Amino acid sequence: MAAKKIAIIGGASAYTPDIILGLIRHSRELAGSEIALMDIDQEHLEVIAALSRRLAEHAGADLRISHTTDRRRAVDQADFLLPQYRVGGLQGRFLDESIPLKYGVVGQETMGPGGLSFAMRSIPVALELAKDVQELAPNTWWLNYANPTSMVTQALTWSTDLKVIGLCDAPVGMVYEIARIFRYPLEGVTFDYKGINHCGWITAMYRDGRNVLPRLHRLVRWVPAGLIPDERAGHVLRLFQRHGVVPNYYLAYHYFRQEMFQHARYDAERGGTRSQVIMKGLPDLYEHYRQVANAAEPRLTKHRGHASHADLAVEVIVAMVTGRRQRFIVNVPNQGALEDFAPDQVVEVPAWVDGSGYERIPMGRLPEFGADLIRRVKHSEDLISRASIEGDRDLALEAFRAHPLTPSRDVAEKILDELLAAHRDHLPQFRRPTQAGQTT
Ligand code: G6P
Ligand code: MN
């Protein structure tokens, strides 16, 4: 197997060490490969690079870790590109979480107005990056973690011919949680998933070719969901009990809308939106990374996120490098995988991945009871992807109005205007030239 170059854009992220550990676990298949860490945050980049080198060296892994603040250098001849940048950082996420709340709408990183807002910042950077990729690594596999991954992937596949797969660990996350709570073994099972990112359902679960999801359903059907201590798992369980298929937990923002809003507002009032909680914890986490980088026995005991997040990208890379065919849930242009969408619309479905790329597994139609919601969210997201590509404020307004979580046209416009103003510095596409060459 030839050595590869894997470039991580946003390499200083606290998520990176787990990706490195995953790559180290597969270092035999990836022998001789280079992992290029790129970030604009030089200080954290140094920490993550030192840690990564220490971990690789200690494991005796034949991997070379480079780091740079020069995006083009990282991209140059990369075989795999892992963008996980966050435009505007967690401070930007905080604005997306808190501004909609003022208008009675939940604020969230990828869902609702917050997600649309994040798309407006992420997409222009993706398109800039794509120019470098087109020039320096046109054959790269772009494994996109930059959120909101559905909209970023949509914008990229509409605007470029690059090979892009949007990744997310959420679709199966909650099935594992439910299975763990009820001690149901999931080894060796594969899943059907129908929907779009953060908005879809696990509709079947196979063991030895048999759908065993109904069996899990019978097992949990009459359990009082209130007994489940984890709130997210409780929501998922309720919906599973009702419909017999397992929701992506982000659907709670729709199906338990009022409750999710109340919780978000309660957290925000006490200074603890999700991004604030994360920001509070990050200094400790980087301090841990610094210590481990200098330890004789480097061992990570603190992590950002769940291991499945890193494993997914690593396993996709390994399947492509080794040619060992594996099934993953991916975000790719539909091309008939779901009958509810047009060929060019990015959907989230299972696919076989191997040395030649991916092959979608046809999923038929969305579940009847949930189809309308998914279609409406997708419509709104497509509008914002187009608005972000074209810098069209009217289209952005249409997107905000079309989203099922915005209560009225008026409120949609107020939220949009406030978000546009708050994120002004990261929204070059919406800046219009005025007289005297100034921009607004
Ligand atoms: C999951 C989702 C990601 C999301 C993350 C948020 O992994 O799939 O899309 O970014 O959760 O986690 P956080 O810890 O940042 O709230
Ligand atoms: Mn996700």
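Small disclaimer: the values here were computed from a predicted structure and weren't measured. First listed ligand is number 1; within each ligand, the first listed atom is number 1.
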**Q** Is D311 salt-bridged to R25, cutoff N-O under 4.0 Å?
**A** yes
**Q** Among I19, L37, I9, find the one that has a side-chain contact (heavy atoms from CB on, under 4.5 Å) with L82.
**A** I19
**Q** For D79, enumerate each residue passing the side-chain contact (heavy atoms from CB on, under 4.5 Å) test, keeping only those at least two apart in sequence or located in another chain.
**A** K4, K5
**Q** Between R232 and E177, does any side-chain N to carboxylate O distance fall below 4.0 Å?
**A** no
**Q** Restricting to pairs with a member in residues 224-246, which pass ring-ring contact (aromatic ring centres under 6.0 Å, His included), not counting sequence neighbours?
**A** W201-H243, H217-F240, H235-F256, H243-F369
**Q** How many N, O or S atoms of the protein are nearer than 2.8 Å to the Mn ion (ligand 2)?
**A** 2
**Q** Is it the case that the ring center of Y15 lies less than 6.0 angstrom away from the ring center of H303?
**A** no
**Q** Hey, which of Q345, E381, K378, R386 is the one that makes side-chain hydrogen bond (donor to acceptor under 3.5 Å, both in side chains) with Q154?
**A** K378
**Q** What are the two closest heavy atoms between I178 and A233, and how far apart are they?
**A** CD1-O, 3.9 Å
**Q** Should the pair D425-R121 be classified as a salt bridge under the 4.0 Å nitrogen-to-oxygen rule?
**A** no
**Q** Can you list every protein residue that has a heavy atom under 4.0 Å from any atom of ligand 1, sorted by chain and residue number?
**A** Y15, R93, E109, N147, C168, D169, A170, H198, Y249, Y250, R274, I278, R304, H309
